[in-house]
Amino acid sequence: MKEKVKYMILQSKSIKSYNNEAETKFITFFEDEKLDNLNLALDREIIAKIDFIISSESFKGKSEELQNINLFRNECPKNIILVGVGKRVDFTLSKFRKNIAKAVKEAAKLKSKSMDLNLDNFHNIMSLEEIVRTLSEAAVMAEYKFDKYKSEQKASTLEEFSLIYAKEDQLEAINKGINEGVILGQANLLARTLVNEPANKLGPIELAEEAKKAGVECGFEVEIFDEAAIKELNMQAFLEVAKASANPPRLIVMRYDGNPEKKEEIIGLVGKGLTYDSGGLSIKPTTSMVSMKSDMGGAAAVIGAMTALTKLKAKVNVVAVVAACENMIGGNGYRPGDIIGSMGGKTIEVLNTDAEGRLTLVDAVNYVIEKEQATKIVDIATLTGAVLSALGSTATGVVTNNDFFYNRLEQASKICDEKVWRLPTFDEYKELIKSDVADLKNIGGPKAGTITAGLFIGEFVQDKPWLHLDIAGTSWTEKDSDYKSKGGTGAGARLLYHLIKQLEN
Ligand code: BES
Ligand code: ZN
Ligand code: ZN
């Protein structure tokens, strides 16, 4: 993967020594509030202009409202962007993240190099650290483009974003917020890029190399098992899926020991890593196949989360596993009707070779429990088209065996605004994946597809607390919007980070 990542620099500056050095000044404005509450440090004429715009009600400060004021001059600020952030009482970080992303995009349209924003306006809302984290995350995510394969690339002009503060005792919280926000934004963008890479550039071997690269850069350990080593581990179901491809599979194992005092507590993350899913003999129509380079969105999410957990030194032990392969068609491929084994010992009747993800996942889940002694399991996968019918591309579908664990996920979801929704797991659904000729079958029929796919994985988690996240709807988007960009959304990287932070002790 040739890389040209250039991230914007976010920095804190004291108002005492700050002298309007940025080309674009953002002024965040709460709906229905007064301008004189703000400590603007601007010329009187400029303040008069802003005052006019506000008092003439052409700008009210509603959330998502932006007003650009071009000052037509050479000195800084050259333009001011009024950023509506809604009513103070209705303020949420989720809305704020979108507001800031929109503002940053506007500054990019103006071809600004530098921006500033005064944090003085955010007293008594919530912790300054959270505000700054959200703002920084939004700024990093807003201007992403996947254009590395274009002959001409349009690099963003944005280089610097200064956050202005008034009181020295705020500095620690601000710098902490910047650091966390930038790292989380970058984790999300890494996941997007991995998803956006086409399958001819990113196969199982290259995905493993990318994991290795991230591990070296951030400081987590990466072990890669080749095909012979995977055979040695007896990962029969995984190997069946991988068999028809000319590109051999890789088992990617990433380890981060952040809590040596509680060595025995290990969170096992498992990400679906189909670098391409043609459907196999149960072949997909071309229209469904074109986006199937994205079938490793779960792997991208766990790699992204590992970078953030390591860089931010989370106090937890995590092992992340990706069974990376391609689901292709070949004379030696598995067939509908085959009965196959699995690392955990259960036999599986294959009724559809396109329900391949769960076959790779159950061996990875078994591996992380048996070989890495994971005590809690989270799997994340672009697993079913059915989740798109149920929840659209708005929310990730969740199947779980543990209320407490789900509750932590909901908390995490609120922090990062990656929405989740829990699906039921009644015994009737479990009946649907029982086979007449093997222990299980790999599809549960046309109904409740997301639940039966999840419960299939649940058959391999033993008695461990477990969350299954189906991101088939949320990992990809057809259009640019606020901080999201067309293509991979990086869903899961920030969510898994916050989930794991909830489990810190
Ligand atoms: N990778 C697909 C699921 C998918 C669909 C991801 C749409 C992203 C967007 C998965 O391997 C698959 O093909 N699932 C089948 C399961 C079926 C055969 C039971 C599906 O959803 O159609
Ligand atoms: Zn499939
Ligand atoms: Zn798939």
Side-chain angles (χ1 to χ4, degrees), residues 144-150 191-204 206-207 241-247 271-301 324-331 333-337 350-361 380-397 442-454 456 469-481 484-492:
Y144 172 87
K145 253 190 233 87
F146 183 74
D147 62 357
K148 62 191 270 200
Y149 296 108
K150 278 180 175 281
R192 285 192 210 182
T193 298
L194 290 172
V195 170
N196 288 334
E197 284 289 344
N200 62 329
K201 304 285 181 191
L202 190 97
E206 292 81 11
L207 183 60
V241 176
K243 231 163 55 169
S245 174
N247 298 316
K272 175 172 171 181
L274 265 288
T275 55
Y276 196 69
D277 180 12
S278 70
L281 278 175
S282 314
I283 192 166
K284 288 181 184 293
T286 307
T287 46
S288 313
M289 222 187 272
V290 279
S291 63
M292 279 304 131
K293 66 172 185 180
S294 70
D295 211 16
M296 33 57 70
C325 68
E326 269 194 320
N327 187 20
M328 299 296 274
I329 300 178
Y334 76 144
R335 318 158 187 80
V350 177
L351 291 178
N352 190 316
T353 62
D354 198 11
E356 83 300 336
R358 64 199 77 183
L359 301 174
T360 65
L361 288 164
I380 178 161
T382 47
L383 206 61
T384 64
V387 80
L388 271 150
S389 307
L391 304 173
S393 41
T394 301
T396 289
N442 80 328
I443 57 170
K447 296 175 184 167
T450 304
I451 299 171
T452 52
F456 184 90
L469 276 54
D470 192 334
I471 54 167
T474 49
S475 71
W476 186 262
T477 175
E478 292 300 335
K479 58 174 193 347
D480 291 341
S481 60
K484 293 197 184 115
S485 49
K486 191 173 172 192
T489 61

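Given the structure is predicted, the values throughout are model-derived calculations rather than measurements. Heads up: numbering here begins at 1 and tracks the sequence.
Checked by atom type and distance alone, the side chain of Asp295 never pairs as donor or acceptor with a backbone atom of Tyr276 at under 3.5 Å. Counting only distance, with no hydrogens or angles, the side chain of Arg358 and the backbone of Asn442 share a donor-acceptor pair below 3.5 Å. Between the side chain of Ser282 and the backbone N or O of Asn352 there is no donor-acceptor pair closer than 3.5 Å. At distances below 3.5 Å, not a single donor-acceptor pair connects side-chain atoms of Thr474 with backbone N or O atoms of Thr396. Panel note: side chain Ser475, backbone Ile471; a donor-acceptor pair is recorded below 3.5 Å. Within the 3.5 Å criterion, the main-chain N or O of Ser278 finds no donor-acceptor partner in the side chain of Asn327. Thr360 places a side-chain N or O within donor-acceptor distance of the main-chain N or O of Gly357, the cut-off being under 3.5 Å. The backbone N or O of Thr384 sits less than 3.5 Å from a side-chain atom of Asp470, completing a donor-acceptor pair.
For Pro336 against Leu351, the heavy-atom pair with the smallest separation is CB-O, 3.8 Å. Residue Val241 comes nearest to Tyr334 through the heavy atom pair CG2-OH, 3.9 Å, listed as atom of the first residue, atom of the second, then distance. Closest of all the heavy-atom pairs between Ser294 and Trp476 is CB-CE3, 3.6 Å. Summarising the geometry of Ala381 relative to Leu361, their closest heavy-atom pair is CB-CD1, 3.7 Å, with the distance given to 0.1 Å. Taking all atoms of both residues into account, the shortest heavy-atom contact from Ala300 to Val195 is CB-CG2, 3.8 Å. A pairwise comparison of heavy atoms in Gly490 and Arg192 identifies N-CG, 3.5 Å as the closest pair.
For the pair Lys272 and Glu356, the minimum side-chain heavy-atom distance is below 4.5 Å. Within the 4.5 Å cutoff, no side-chain heavy atoms of Lys486 are placed close to those of Phe146. Cys325 places a side-chain heavy atom less than 4.5 Å from the side chain of Leu274. The closest side-chain heavy-atom distance from Thr450 to Leu383 is not below 4.5 Å.
Once rounded to the nearest 0.5 Å, the distance linking NZ of Lys293 with CG of Asp277 reads 15.0 Å. In this structure, CG on Leu359 lies 5.0 Å from CZ on Phe456, to the nearest 0.5 angstrom. The distance from the OH atom of Tyr144 to the CG atom of Asp480 is 11.0 Å, given to the nearest 0.5 Å. Expressed to the nearest 0.5 Å, how far CD of Glu206 lies from CG of Leu194 amounts to 12.0 Å. In this structure, Thr275 OG1 and Glu326 CD are separated by 4.5 Å, a value rounded to the nearest 0.5 Å.
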Could you walk me through whether Met289 and Ile283 pass side-chain contact (heavy atoms from CB on, under 4.5 Å), step by step? CA-CA 9 Å; Met289 222 187 272; Ile283 192 166; 3.6 Å; yes

